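Predicted model, so just to flag it, every value in this text is computed and none were measured.
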Amino acid sequence: MAPTEAAPAAPAPSPVRKYVVLGLFPLLMTVLMVGIFVSAMHSPTPNNLPVAVVGSSVQQAQGAADALSAEAGGALDIRVETSVDTAKDLVHDQEIGGAYVLPAEGEKDAVLYLAGAGGSSLKQVVTQTFGQVAAEQHVTLDVQDLAPLPAHDNMGTSSLYLTIGFVMAGFMFVVVVSTAAPELMKLRKMVPLFAGWAALMAVSIWALAGPVIGALEGHAWQLLGVGSLMIFSVAMFTALLARFLGPLAVIPAVTLFMFLGVPSSGGALSTYVEPVLFQSLHGFLPTPATLESVRSILYFGGNGVGGHVLTIALWGAAGLLLNAVVELVQRRRKTPGSKVAEGNGEAGADLSAESPKAAVPAN
C-alpha cells in the first residue's frame, strides 16, 4: 500500500501582511478610545436634564416652568410639582437632577434640592442653571444637598474606579486564558473557572479600595455581590467574542465595556451633559448598571439597585446562553466523525480481506 502524502504546509504570511495586522491593533484601540471619549465629553452641554420646579400652586409652578423651558429649550426636561416632599423624594431616588422651590409670596429665598453623590458634574450644572434663574428673579438661592459625598470620597469617583476594576478583571482574564490555555475555553470548564475568578477579583478589588486605601466604607457584601456578577458577566460575553476572534476579542470587548461603557456610566461626566447616544446606552450597557449599583449602595440606601443588577445579570445570562449555543453547533459540525469511523471500519475490513496474512489456507 502506497504511503499517504503529507498535506502541503500552508504558506507563511507575508511580512507586510503581518506588520499591517500588528499595527492595526494599537491603531484601532487608540482611535476608538480617543474618538469615543472626546466625542462624549469634549463639550458638556445640558441635554434633556430632568428637573422639577416646585410652587405653592400649580399656576405658580407652571408659569415659572414655562418661562424656564422657553429660555432653556431642549437643555432641560422640566416637570411641575406642588409638594416639596415629593420633589425631594424624586431627587433622592435620582429620577431628577434637582428641584427648584420657588419662594413663597413675600419671601426672598428660593431653595434648590440636589444630590451631590449623583455626580459632581451634575451638581455643578444644576447649581449653575438655577443660580442664573434665581439671579433673574432677584432672589437668593439656598442649595441643600440631600445626598452629600463623604470626606473619604469627596469627588464621588470611587464608584467609577471600582466599576472599571470589575470590567478589566472580566475581559482581561478571558483574553489571557483563550491565548495561553485554550483547552479551558469549554463551557463546562469556563463556568466554574469564571465564577471562582469573579469572586476572587471582587474581593481583591474591594479590599484594595476599602480597607487598604480607605475610599469605601461598609456595604461589603452588597459590593462583593455586584462585583462578582459584573466580572462573571463580562467574562462570559468576552469568551463568546473570543470564540470567533481569539485574542483580538479584546478590541470589541474594550470598546463595548470601557470606551462606550465609561462615558455612558455617568461616573466621569453626567450623561445629561453628553450627546443623546450615551444617555441611551446608560440604560442598556452593564458598565453603567454596575456604577449605578455601587453608587446607590454607597450613598442612596440601595434605591434602584434591583433594576441595575437585572441588567448585569441579563448580559451574563446572554453570554452563557450564546456560548452554549455556539459550542453545541461546533460540536455537531464535528459529529460526522462517527460516519468517518464507520467508513474507516469498512475500509479496514476490505484491506484485511485482501491481505495475504489474513487468508486462511484451504483444507
Side-chain angles (χ1 to χ4, degrees), residues 7-37 161-205 208 227-262 285-287 290 312 315-335 337:
S14 66
V16 174
R17 180 181 176 187
K18 180 176 70 172
Y19 296 140
V20 167
V21 172
L22 289 175
L24 277 176
F25 177 77
L27 174 66
L28 283 174
M29 294 287 282
T30 304
V31 168
L32 286 168
M33 184 195 72
V34 174
I36 295 173
F37 273 55
Y161 298 128
L162 202 70
T163 299
I164 291 175
F166 294 151
V167 172
M168 292 182 63
F171 73 77
M172 289 184 67
F173 182 64
V174 175
V175 171
V176 172
V177 170
S178 64
T179 304
E183 68 277 5
L184 298 177
M185 296 296 289
K186 298 293 184 183
L187 195 61
R188 60 184 178 84
K189 295 181 179 179
M190 282 197 306
V191 172
L193 178 65
F194 290 0
W197 172 258
L200 173 64
M201 288 307 299
V203 171
S204 301
I205 294 168
L208 181 61
S228 298
L229 179 61
M230 180 57 174
I231 295 170
F232 180 82
S233 298
V234 171
M236 271 297 165
F237 210 85
T238 306
L240 175 67
L241 298 173
R243 290 181 181 274
F244 300 99
L245 301 174
L248 292 179
V250 69
I251 296 177
V254 171
T255 300
L256 192 62
F257 300 123
M258 290 284 287
F259 298 162
L260 289 173
V262 170
L285 292 177
T287 306
T290 302
I312 303 169
W315 276 84
L320 181 63
L321 178 62
L322 291 173
N323 269 290
V325 170
V326 171
E327 192 166 298
L328 179 62
V329 170
Q330 291 175 341
R331 190 180 304 150
R332 286 185 175 178
R333 285 180 178 176
K334 295 178 181 179
T335 308

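To the nearest 0.5 Å, atom OG1 of residue T238 and atom CZ of residue F194 are 8.5 Å apart. The distance from the OG1 atom of T290 to the CE atom of M230 is 3.5 Å, given to the nearest 0.5 Å. Here the straight-line distance linking atom CZ of F166 with atom CG of L229 works out to 10.5 Å at 0.5 Å rounding. To the nearest 0.5 Å, atom CE of residue M185 and atom CG of residue L193 are 9.0 Å apart. Rounding to the nearest 0.5 Å gives a distance of 7.0 Å between CG of L162 and CD1 of I205.
Within 6.0 Å of CZ in F37 there are more than 12 heavy atoms belonging to other residues, nucleotides or ligands. More than 12 heavy atoms of other shown residues, nucleotides or ligands fall within 6.0 angstrom of atom CE in M29.
By the 30° and 60° cut-offs, the orientation of the rings of F173 relative to W197 is parallel.
At least one side-chain heavy atom of L187 sits less than 4.5 Å from a side-chain heavy atom of L320. Considering only heavy atoms from C-beta on, M236 comes within 4.5 Å of V191 through its side chain. Using a 4.5 Å heavy-atom threshold, the side chains of F171 and L241 count as separate. Annotation: side chain of I251 is in contact with side chain of L32 (closest heavy-atom distance under 4.5 Å). In this structure the side chain of L285 reaches within 4.5 angstrom of the side chain of W315, judged on heavy atoms. Counting only heavy atoms from C-beta outward, the side chains of T287 and M258 never approach each other to under 4.5 Å. Using a 4.5 Å cut-off on side-chain heavy atoms (C-beta onward), N323 and E327 make no contact.
The two residues S228 and A199 come nearest to each other via the heavy atoms OG-CA, 3.7 Å. The heavy-atom pair separating P182 from T179 by the smallest distance is CD-O, 3.9 Å. Of all the heavy atoms in L245 and P252, the pair that sits closest is CD1-CG, 3.7 Å. Heavy-atom minimum distance, P286 versus F257: CG-CE2, 3.6 Å.
With respect to E183 and K189, no salt bridge is recorded, no charged nitrogen being found less than 4.0 Å from a carboxylate O.
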Practice item. Could you go through the side-chain contact (heavy atoms from CB on, under 4.5 Å) check for I36 and T255 one step at a time? Key: CA-CA 9 Å; I36 295 173; T255 300; 4.2 Å; yes
Check your understanding: What's the verdict on side-chain contact (heavy atoms from CB on, under 4.5 Å) for V234 and M168, showing C-alpha distance, side-chain angles and the deciding distance?
Key -> CA-CA 9 Å; V234 171; M168 292 182 63; over 6 Å; no
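T30 places no side-chain N or O within 3.5 Å of a backbone atom of L27 that could act as its donor or acceptor partner.
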